[in-house]
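Structure first, commentary second.
None of these values were measured; they are calculated from a predicted model. Numbering starts at 1 and runs along the sequence shown.
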Amino acid sequence: MANTHESSTGLYRFVIIFIIFCLLYWVLAGKVLSLYDEVEQVVAKKSKDEFVTSINHIRHQWMRDKQSEVEMSLVGQSTLTSEGLLKARVNRNGFATHVVTSSKAQCDGLFENLQSIALSDVNSVEILDHGQIIGCKYYKNSVLLFKYMFLNGIVSSS
């Protein structure tokens, strides 16, 4: 009889410890997942902000030179030294429509050269109007990062 009582007590202890472990795992997993979501949001905002800064810099160069192609020096973030030349084609309003120095498709070339997230992590979709590309949408994990409209240079998250 004592042997049965000891085994049932051991089983109860095991079940209680298992339940406590599951609750701790559930709480910690929720915190880790929410932290991961916050990091993804920060990365998306940083990407959009860098893209806007680049578009504004290209437009500033265009306003100064009034050329259909704008050239800019690329500067490495870690070394702060020149890492080449970026040549972008702009429309009549001075907003970038194509990166001439990129062999990528129009939207991919803009994304790859105007911000720092790896292109392999992002899908770009051309926005068409009567067969003409009028902008680009950029998605990461099926979530819209931002869209860019060539005509007015608006970069938005909706």
- Message: Evaluate Lys45 against Asp49 for side-chain contact (heavy atoms from CB on, under 4.5 Å), listing each step before the verdict.
- Response: CA-CA 6 Å; Lys45 182 176 179 350; Asp49 291 346; 2.8 Å; yes

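- Not one N or O on the side chain of Gln61 forms a donor-acceptor pair closer than 3.5 Å with the backbone of Met72.
- In the hydrophobic cluster analysis, where Ile, Leu, Val, Met, Phe, Trp and Tyr join through side-chain heavy atoms closer than 4.5 angstrom, Val122 is grouped together with Ile55.
- Atom CH2 of residue Trp62 and atom CD of residue Glu69 lie 14.5 Å apart, to the nearest 0.5 angstrom.
- Side-chain atoms of Ser124 and Asp108 include a donor-acceptor pair closer than 3.5 Å.
- Ring centers of Phe14 and Tyr12: at least 6.0 Å apart, outside the cut-off.
- Not a single donor-acceptor pair under 3.5 Å links the side chain of Asp129 to the backbone N or O of Gln132.
- The CG atom of Leu35 sits 6.0 Å away from the CD atom of Glu38 when rounded to the nearest 0.5 Å.
- Separation of atoms NZ (Lys87) and CD (Gln67) is listed at 10.5 Å; rounding is to 0.5 Å.
- Counting heavy-atom neighbours within 6.0 Å of Lys31 NZ, excluding the residue itself, gives a total of 12 or less.
- The distance from the CD1 atom of Ile133 to the CG atom of Leu128 is 6.0 Å, given to the nearest 0.5 Å.
- With contacts defined as side-chain heavy-atom distances shorter than 4.5 Å, the pair Leu110/Tyr148 qualifies.
- In this structure, Val70 and Asp65 have side chains that are not in contact, with every pair of non-hydrogen atoms separated by 4.5 Å or more.
- Leu114 is not listed as a side-chain neighbour of Thr53, based on a closest heavy-atom distance of 4.5 Å or more.
- Residue pairs satisfying the ring pair (Phe, Tyr, Trp, His ring centres under 6.0 Å) criterion with at least one member in residues 101-126, sequence neighbours excluded, are listed as follows: Phe111-Tyr138.
- Counting heavy atoms from C-beta outward, Ile58 and Val90 have side chains that approach closer than 4.5 Å.
- Counting heavy atoms from C-beta on, the side chains of Phe146 and Ser156 never come closer than 4.5 Å.
- Ser54 has its side chain out of reach of Gln115: every pair of non-hydrogen atoms, C-beta onward, lies at least 4.5 Å apart.
- A continuous path of hydrophobic side-chain contacts links Leu86 to Met63 [ILVMFWY only; heavy atoms under 4.5 Å].
- At a cut-off of 3.5 Å, with distance as the only test, a side-chain donor of Ser157 or Lys48 sits close to an acceptor on the other residue.
- Looking at Asn93, its side chain does come within 3.5 Å of a backbone N or O of Leu151 through a donor-acceptor pair.
- Under a 3.5 Å cut-off, the side chain of Asn141 and the backbone N or O of Val143 do not form any donor-acceptor pair.
- In terms of heavy atoms, Cys107 sits closest to Glu126 at SG-CG, 3.7 Å.
- In this structure, His98 and Asn91 have side chains that are not in contact, with every pair of non-hydrogen atoms separated by 4.5 Å or more.
- The closest side-chain heavy-atom distance from Gln106 to Phe150 is below 4.5 Å.
- Around atom NZ of Lys137, no more than 12 heavy atoms belonging to other residues, nucleotides or ligands sit under 6.0 Å away.
- Residues Met149 and Phe95 do not share a hydrophobic cluster, defined by chaining ILVMFWY side chains whose heavy atoms lie under 4.5 Å apart.
- Linking ILVMFWY side-chain heavy atoms closer than 4.5 Å, directly or via other members, places Leu23 and Val15 in a single hydrophobic cluster.
- Atom CG of Leu145 and atom NZ of Lys46 lie 12.5 Å apart (nearest 0.5 Å).
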